[in-house]
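In what follows, a structure is listed as structure tokens, so that the remarks can point back to it.
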2 protein chains.
Amino acid sequence: MINWQNFQENFDTIAVPAKTVLLNEGAVAQRIYFIKKGCLRLWFNNDGKDVTFQFFFENQSVASIESFRNHIPSQFSIETLEPCVLLSVTKERFYAILDKSTALRKEMEDYSFDRLLSYQYLFLSRIKDSPQKRYEQLLKEHPEIFQRVPQHYIASYLGITSVSLSRIRNRKV
Amino acid sequence: MINWQNFQENFDTIAVPAKTVLLNEGAVAQRIYFIKKGCLRLWFNNDGKDVTFQFFFENQSVASIESFRNHIPSQFSIETLEPCVLLSVTKERFYAILDKSTALRKEMEDYSFDRLLSYQYLFLSRIKDSPQKRYEQLLKEHPEIFQRVPQHYIASYLGITSVSLSRIRNRKV
DNA sequence: TGAATTTCTTAACAATTGTTATCGCTTCCA
DNA sequence: TGGAAGCGATAACAATTGTTAAGAAATTCA
């Protein structure tokens, strides 16, 4: 995990309320964010249905990574779930920082690789686990999510309806 | 896509029959392969059930990438599905080539990024699509798979049983 | 070529999930 | 602070998928 706090002088610190949209589906990402406080979700519109793809919490970097890197319209929207304090930097500044530091470039490479692995891991859990098991794993590994994130977002993240998640939760008491 | 044929002098060309295991789950990957002819699958054992994670065809690179890169035991096995002709290179030689060429290193970075995106894409399809829809997409984008790969491997790749895949196929005529 | 293995389909039943709708409860702002 | 919106539980029914089993068809290989 890259800790952008070391480069804080290059960043703008911003405070935003809950439900603030940082990036709209279809727009090209101009900024990358680092979360000092709060949580966000990355989501997209699937035939009118709101599908949450990923959650982000403190000390994580957030961006529509392929939009940011390849300058293409984002497939996702990014939105705060709580009031947040964020570090924010433009694409230009960001790549200028990368160019100045090979160590940081290496770190960025490793970070990309880790994200690759996390997608592989999530994909794998989709292949081999039932929604029930995915729920139990999420509860075990990230119990804090259930304290901070509305359940219907979690349901869409797990690939099930909120009704089904509610059933699973009450089955397991 | 990296075309390793440009570096063919560093590779061994091997011909292997179908069902040849190139890497066993639990082993550390020592080689990376480039497919000249044939197809392979990457799979793992999930509580006794054979789960196929990915298919590879001509002109693709194959390795348990995290095992190869991080020198850790592979979570997957790699196995040929057809008689194959492969280019094969050891980890040492591979990184020696990378060190010699920054262009190639950049290409490798892009390749890693593309794989990240392909996992993101696959993960996304798991989140938003029904098995039925995933089947239809696979049929549209890679119809050749159904000509070359046994159906029960495709079923496990789609996250369903071969029985269910058979039902879906015969529903859609 | 012929036996053995693999592959695919189909059936019957169980289990799970989706859909739609309703009803309290909580939270959010104006 | 009070009305509106958001959130979670539950019910009833439909649809899909899993499980197990059996048999036909295709493929493999000695």
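By convention in this document, chain letters (A, B, ...) are assigned in the order of the sequence lines, proteins followed by strands, and residues within each chain are numbered from 1.
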Provide, to the nearest angstrom, the distance between the CD1 atom belonging to B:Ile160 and the P atom belonging to D:dA15. 19 Å

Which class fits the ring pair B:Tyr157 and B:Phe55: parallel under 30°, tilted 30 to 60°, perpendicular over 60°? tilted

Under 4.0 Å, heavy atoms only, any strand: does A:Leu165 hit a base, just the sugar-phosphate, or nothing? nothing

Rounded to whole Å, CD1 of B:Ile154 lies from P of C:dT7 at a distance of 11 Å

Strictly below 4.0 Å: does A:Arg169 bring a side-chain N or O up to OP1 or OP2 of D:dT10? no

Look only at the side chain of B:Ser88 and the backbone of B:Tyr33, and say whether a donor-acceptor pair between them is shorter than 3.5 Å. no

B:Lys49 side-chain N/O to D:dT19 phosphate OP1/OP2 under 4.0 Å: yes

So if I take every side-chain heavy atom of A:Arg167 and compare against C:dC8, C:dT19, D:dT17, which nucleotide ends up nearest? C:dT19

Round to a whole Å and report the spacing from NZ of B:Lys128 to P of C:dT17. 22 Å

Please give, in whole Å, the distance from C:dT6 P to B:Leu81 CG? 14 Å

Answer yes or no: does a side-chain N or O of A:Thr161 lie under 4.0 Å from OP1 or OP2 of C:dT17? no

Donor-acceptor under 3.5 Å (A:Ser77 side chain, A:Glu25 main chain): yes

A:His152 side chain near D:dG6 phosphate (N/O to OP1/OP2, under 4.0 Å): no

In whole Å, I'd like the distance from the CD1 atom of A:Ile168 to the C1' atom of C:dT16. 9 Å

B:Ser164 near the nucleic acid: base, sugar-phosphate alone, or nothing, with a heavy-atom cut-off under 4.0 Å? sugar-phosphate

Position toward the 5' end of DNA chain C (nearest nucleotide), B:Ser166 or B:Lys19: B:Lys19

For the pair B:Glu58 and B:Lys37, find out whether any cationic side-chain nitrogen is under 4.0 Å from an anionic carboxylate oxygen. yes

Nearest-Å distance, CZ (B:Arg148) to P (C:dT6)? 22 Å

Please report, rounded to the nearest Å, how far the C1' atom of C:dT17 is from the CG atom of A:Asp129. 17 Å

When the ring planes of A:Phe53 and B:Phe123 are compared, do they come out parallel, tilted or perpendicular, using 30° and 60° as the limits? tilted

Select one nucleotide: of C:dT10, D:dC7, C:dT17, the one nearest the side-chain heavy atoms of B:Val163. C:dT10

Can a side chain N or O of B:Gln151 be found less than 4.0 Å away from OP1 or OP2 on C:dT9? yes

A:Asp50 CG to D:dC7 C1', in whole Å, measures 14 Å

